[in-house]
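Order of the sequence lines sets the chain letters (A, B, ...), proteins ahead of strands, with each chain counted from 1. These numbers were taken from a predicted model, which means no experiment stands behind them. Every heavy atom of this structure was used, including side-chain atoms; hydrogens, water molecules and symmetry mates were not.
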2 protein chains.
Amino acid sequence: MWADKQQREPLSDASDGPRRRATIHDVAQLAGVSRQTVSRAVNDKGEIDPATKERVLEAARLLDYRPSRFARGLVRKGTVTAGLVIPDLMNPFFPEVAAGVLEAAEQRGWQVVVWDTRTDGVREREALDVLSHQADAVVGYFKNEDEVLARHIGGIPIVLLERGPQQTRFAAVGIDAAAGLEQGIAHLVRTGHRRIGMLDGDRIGAPGPRREAFLAEVRRHGLPVDESWIVLCSGGHSVASGETAMEQLLDKRPDMTAVFGFNDLIAVGAMRAARRRGRQVPDDLAVLGFDGLSLGELVEPALTTLHIDKRRLGRLAVEQVARLRAGEEPLSGAHAWVQPQLVVRDSA
Amino acid sequence: MWADKQQREPLSDASDGPRRRATIHDVAQLAGVSRQTVSRAVNDKGEIDPATKERVLEAARLLDYRPSRFARGLVRKGTVTAGLVIPDLMNPFFPEVAAGVLEAAEQRGWQVVVWDTRTDGVREREALDVLSHQADAVVGYFKNEDEVLARHIGGIPIVLLERGPQQTRFAAVGIDAAAGLEQGIAHLVRTGHRRIGMLDGDRIGAPGPRREAFLAEVRRHGLPVDESWIVLCSGGHSVASGETAMEQLLDKRPDMTAVFGFNDLIAVGAMRAARRRGRQVPDDLAVLGFDGLSLGELVEPALTTLHIDKRRLGRLAVEQVARLRAGEEPLSGAHAWVQPQLVVRDSA
DNA sequence: TTGTAGGCGTTATCAC
DNA sequence: GTGATAACGCCTACAA
């Protein structure tokens, strides 16, 4: 069986084109030692003569030898790779979540392979198809339904970001929208507003938790509510879509005195549109955001918002993964929730 | 030799704790077929009786079997993993570059594992230590010197972001700061400015290309230049550090009428500090940024800046990696450079 | 349609 | 100190 190996094409320089990568065997041959000895040299084990070690390393250098991560992974367990699926890296919210994930992963010695799905359901599935083969677990944002995810996740642990228990059967880490809106609407009411609109995010299917929480709170305060107070932002959660939606809402509800934006980007868009229409913020129209992007401090007037600890969200997700991997029960309820915090600035 | 395998602990449910992961062999045993047949079923090959296939898949499901990516990678070549090293995900510049990298990588069917070094040289090296083992190539931002990088990259291809040929011996993708500053300073001069300051980024060691280009252009126009016109932003390329630095510069050079910020974040900080000091922007003081973050359109006044196609930067980097891997010469000179584009808004 | 044999590149174990 | 041998888990080729 040794003979076989001898026969394999000897990694010649003669053949051009991207030639076969050197293996431990090639190095051993060139250095005139056994594969095991090469391994010892390369991995800095003791039990080896300094002279041979040097000779082996020289051979390795010559052949540009690098151990195969696959062969290594096969034999040494312990390399953990997590997949992170993000809908839109261009939205400042997600890099911050990602930073939290990366930070927690680094602490555990995990690697993270990142996918940007650009809010595309198809790409989401492709990401899962790959990650289910290449990663040990996945955390991320998905708009596909549980059932679809299940079909593509191939049995590896998955943690959904910003999904409540009632919205998924997978482990999840969520945002307590209800608690947030309670603070937010209370603030608007306290400052005298009775007619509050909302610029919702563009969710497919059922309305999301933010809208539901908004409706619940507005009702609780006995304020007018129906569909006429809400406009959906189509075309992404961006400033631009916020502007467009705000124009519509202003047309539908000229009597509105305050508006809640699905996120800060949309809220900023709302401010811009309102001012372009000649409405002063916050005097003629108060604007409340959701997310707490640092961007909000920079615009004028500075954005009042429900701030979320996005890094923590990411770290929590990694923690959930760790539990899943350990066979433990994932955190649930309040432990898997991040609480928004009202930050009052100038826009409301 | 078969017997050996038979003897291994039979993946019992009895033992608690995280039990050994099922292998193809376990599935074969449970389904009463050969490993090969399992492979056929799992990989959806033809040549298999639908009935056996179903039986095998059921067994696989039962055992929660998932093929080892290591064993697979060992035998099927072609999985490419690139490492992406970013200094600060919180700075909106980098997610956009990352998006470009991810996009190009996805098109090639590569995976990307991401590291955030938080501008820490030590973490940079750690990232390289891991990636040199786990990735097939690396692209990223590094402040460590070539020599240090070489020591940690372990021979795999590396592409440096925003380094010119004279700054590194590795393949690189840069920004043509000179071309950018030429437009920028010309604009300031055209609008009547003669006393222009700069808020430089906090580079260790030699001044970076942006400062050099700034100095060259200012000199070319015969304007006053010396160290008194430049302040270094310590503590990161952030709005806050820009504010602090601007205060200092304003103290040193109260006669200054325009300022160039190392990047948009710093420039925004400059605007804020200036206004706090009672200076109107752009009337009392013009501010020019560098990067072209979308953030710049949102602040007031909107930031005039040297816009960079950051996605393209990322895509280019991936292209460089591809060349390196193919054994081709990396792109150099203008082909590996991204050209800044002056975008005139209200701040200058 | 199914099974056998062998190799992918590495490390651990145990001799020498 | 060094080497032979046997895994690691999977897939391809070939045989039955």
Would you indicate which nucleotide in [options] comes nearest to any side-chain atom of [X]?
X       : options               : answer
B:Ile24 : D:dC11, C:dT2, C:dT11 : D:dC11
A:Gln36 : D:dA4, D:dA7, D:dC10  : D:dA4
A:Ser34 : C:dG9, D:dC10, D:dG3  : D:dG3

Do the side-chain N or O atoms of [X] get closer than 4.0 angstrom to the phosphate oxygens (OP1, OP2) of [N]?
X       : N      : value
B:Thr23 : D:dG9  : no
A:Arg72 : C:dT11 : yes
B:Thr52 : C:dT2  : yes
B:Arg40 : C:dT1  : no
A:Ser39 : C:dT11 : yes
B:Lys45 : D:dT12 : yes
A:Thr37 : D:dG3  : yes
B:Arg76 : D:dC11 : yes

Basic-acidic side-chain contact under 4.0 Å: [X], [Y]:
X        : Y        : result
A:Arg55  : A:Glu58  : no
A:Lys143 : A:Glu124 : no
B:Arg123 : B:Glu126 : no

query = Less than 3.5 Å between a donor and an acceptor, one on the side chain of A:Arg21 and one on the base of C:dG9, is that the case here?
reply =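 Looking at the base of C:dG9, it does not pair with any donor or acceptor on the side chain of A:Arg21 (distance under 3.5 Å).
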ask   = So what is the end-to-end bend of the helix from C:dT1-D:dA16 to C:dC16-D:dG1, with 5 pairs used at each end and the value given to 10 degrees?
value =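 Taking five pairs per end, the axes differ by 40°.
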Take the protein atom [atom1] of [X] and the nucleotide atom [atom2] of [N], then report the distance between them rounded to whole Å.
X       : N      : atom1 : atom2 : value
A:Arg69 : C:dT11 : CZ    : C1'   : 18 Å
A:Glu54 : D:dG1  : CD    : P     : 17 Å
A:Arg55 : D:dT2  : CZ    : C1'   : 11 Å

request  = Scan A:Arg66 against the nucleic acid and name what it touches under 4.0 Å (heavy atoms): base, sugar-phosphate only, or nothing.
outcome  =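 If one applies the 4.0 Å heavy-atom cut-off, A:Arg66 turns out to touch the sugar-phosphate alone, with no base involved.
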ask   = Roughly how far apart are A:Glu319 CD and A:Glu328 CD, rounded to 0.5 Å?
value =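 Reported to 0.5 Å precision, the distance equals 9.5 Å.
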request  = Look only at the side chain of B:Gln320 and the backbone of B:Ala172, and say whether a donor-acceptor pair between them is shorter than 3.5 Å.
outcome  =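 A pair under 3.5 Å: yes.
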query = Relative to the 5' end of DNA chain C, which residue comes earlier, B:Ala71 or B:Ile48, by the nucleotide with the nearest heavy atom?
reply =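 In this pair, the answer is B:Ile48.
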